[in-house]
> 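Take a look at this one; I'll ask things after.
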Amino acid sequence: MLMAKMQSDFFRDVYEVVRLIPQGRVSSYGAIARYLGSSRGSRMVGYAMNAAHHQIPYVPAHRVLNRNGMLTGKHHFGDPDAMQKLLELEGIQVESDVVVNFEVLFWDPNIELKID
DNA sequence: CGATTGACGTACG
DNA sequence: TCGTACGCCAATC
């Protein structure tokens, strides 16, 4: 029975945090990784996103960008324009594969989910 | 089992 | 300021 633990707990936690990202807001791989305790595991977050497509419920991976606010993973959405389109549907302006006002729309779990 | 890769980030020149 | 090098850790070859 237990077909759980298909991925590491780290991955599962990544999905959970990504789902907590409000609509119209974005976050970064590094911020999530840091929130989970692996400040240098940013690559793992990106790798987790790679598998996020078959995760249920839906994981808004398009809200996760790199520290530069660039849509680095847009090529992994099937269509290169899909990620930008999803962001625009949430009212996020994207220009040259970069989110406009990224620092304003930036949603940092270390702050929003901060444990007192 | 070892080498390479990867949706990143930081350090260094 | 920009380009290159390296580290992180899991997955793939």
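Just the heavy atoms: all of them, side chains too, but no hydrogens, waters or symmetry mates, feed the values below. Each chain gets a letter, A, B and so on, in the order the sequences are listed, and its residues count up from 1.
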> Just call it for A:Asn66: base, sugar-phosphate, or nothing, with non-hydrogen atoms closer than 4.0 Å on any strand.
sugar-phosphate
> Ignoring the backbone of A:Ala61, work out which of B:dA7, C:dC9, B:dG9 is nearest its side chain.
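Of the options given, the side chain of A:Ala61 lies nearest B:dA7.
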> Considering only atom P, compute the distance from B:dT4 to C:dA5 and round it to an integer number of Å.
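Looking at atom P only, B:dT4 and C:dA5 are 16 Å apart.
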> The test is salt bridge (Lys or Arg N to Asp or Glu O under 4.0 Å); show your working for A:Glu90 and A:Arg25 and say whether it passes.
CA-CA 8 Å; A:Glu90 296 185 357; A:Arg25 301 293 289 275; over 6 Å; no
> Does any N or O donor sit under 3.5 Å from an N or O acceptor when you compare the side chain of A:Tyr47 with the base of C:dA11?
no
> Take atom CE of A:Met49 and atom P of C:dA11, then tell me their distance rounded to the nearest Å.
15 Å
> List the steps, then state whether side chain to side chain contact (heavy atoms under 4.5 Å, CB included) holds for A:Leu86 with A:Ile92.
CA-CA 9 Å; A:Leu86 288 170; A:Ile92 299 175; over 6 Å; no
> Roughly, in whole Å, what's the span from CZ in A:Phe77 to C1' in B:dA7?
8 Å
> For the pair made of CZ in A:Phe10 and P in B:dC8, what is the distance, rounded to whole Å?
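Atom-to-atom, A:Phe10 to B:dC8, this comes out as 14 Å.
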> Between B:dA7, B:dG9, C:dA10, which one does the side chain of A:Phe11 approach most closely?
C:dA10
> Hey, does A:His53 reach any base, or is it just sugar-phosphate, or nothing, if we go heavy atoms under 4.0 Å?
base
> Does the side chain of A:Asp108 pick up a donor-acceptor pair with the side chain of A:Asn110 at under 3.5 Å?
yes
> Let me know the distance between CG of A:Leu65 and P of B:dC8, rounded to the nearest Å.
11 Å
> Separation of A:Asn50 atom CG from B:dG6 atom P, in whole Å?
11 Å
> At under 4.0 Å between heavy atoms, what does A:Ala48 touch on the DNA or RNA strands: base, sugar-phosphate, or nothing?
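The answer is nothing, as A:Ala48 stays clear of every strand by at least 4.0 Å.
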> Taking B:dC8 as the reference, what is the distance to C:dT1 when you measure between their P atoms (whole Å, please)?
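Nearest-Å result for C:dT1 against B:dC8 at atom P: 23 Å.
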> I want to verify a distance call: between B:dT10, B:dC8, B:dA7, whose nearest atom is closest to the A:Ser42 side chain?
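The answer is B:dC8, which lies nearest to the side chain.
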> A:His75 NE2 to B:dT5 P: how many Å, rounded?
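Interatomic distance, NE2 of A:His75 to P of B:dT5: 18 Å.
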> Does a salt bridge link A:Asp97 with A:Lys74, judged by any charged N lying under 4.0 Å from a carboxylate O?
yes
> Measure from CG on A:Asn68 to P on B:dC8 and round the result to the nearest Å.
11 Å
> Among the nucleotides B:dA7, B:dG9, C:dC9, which one has an atom lying closest to any side-chain atom of A:Met83?
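Looking only at heavy atoms from C-beta outward on A:Met83, the closest nucleotide is B:dA7.
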> Determine the interplanar angle of the A:Tyr15 and A:Phe11 rings, folded into 0 to 90°, and report it as parallel if under 30°, tilted if 30 to 60°, perpendicular if over 60°.
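A:Tyr15 vs A:Phe11 ring planes: perpendicular.
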> Atom OH of A:Tyr29 and atom P of C:dC8: how far apart are they, to the nearest Å?
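Rounding to the nearest Å, OH of A:Tyr29 and P of C:dC8 are 21 Å apart.
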> In terms of side-chain heavy atoms of A:Arg43, which of C:dG7, C:dC9, B:dA7 is nearest?
C:dG7
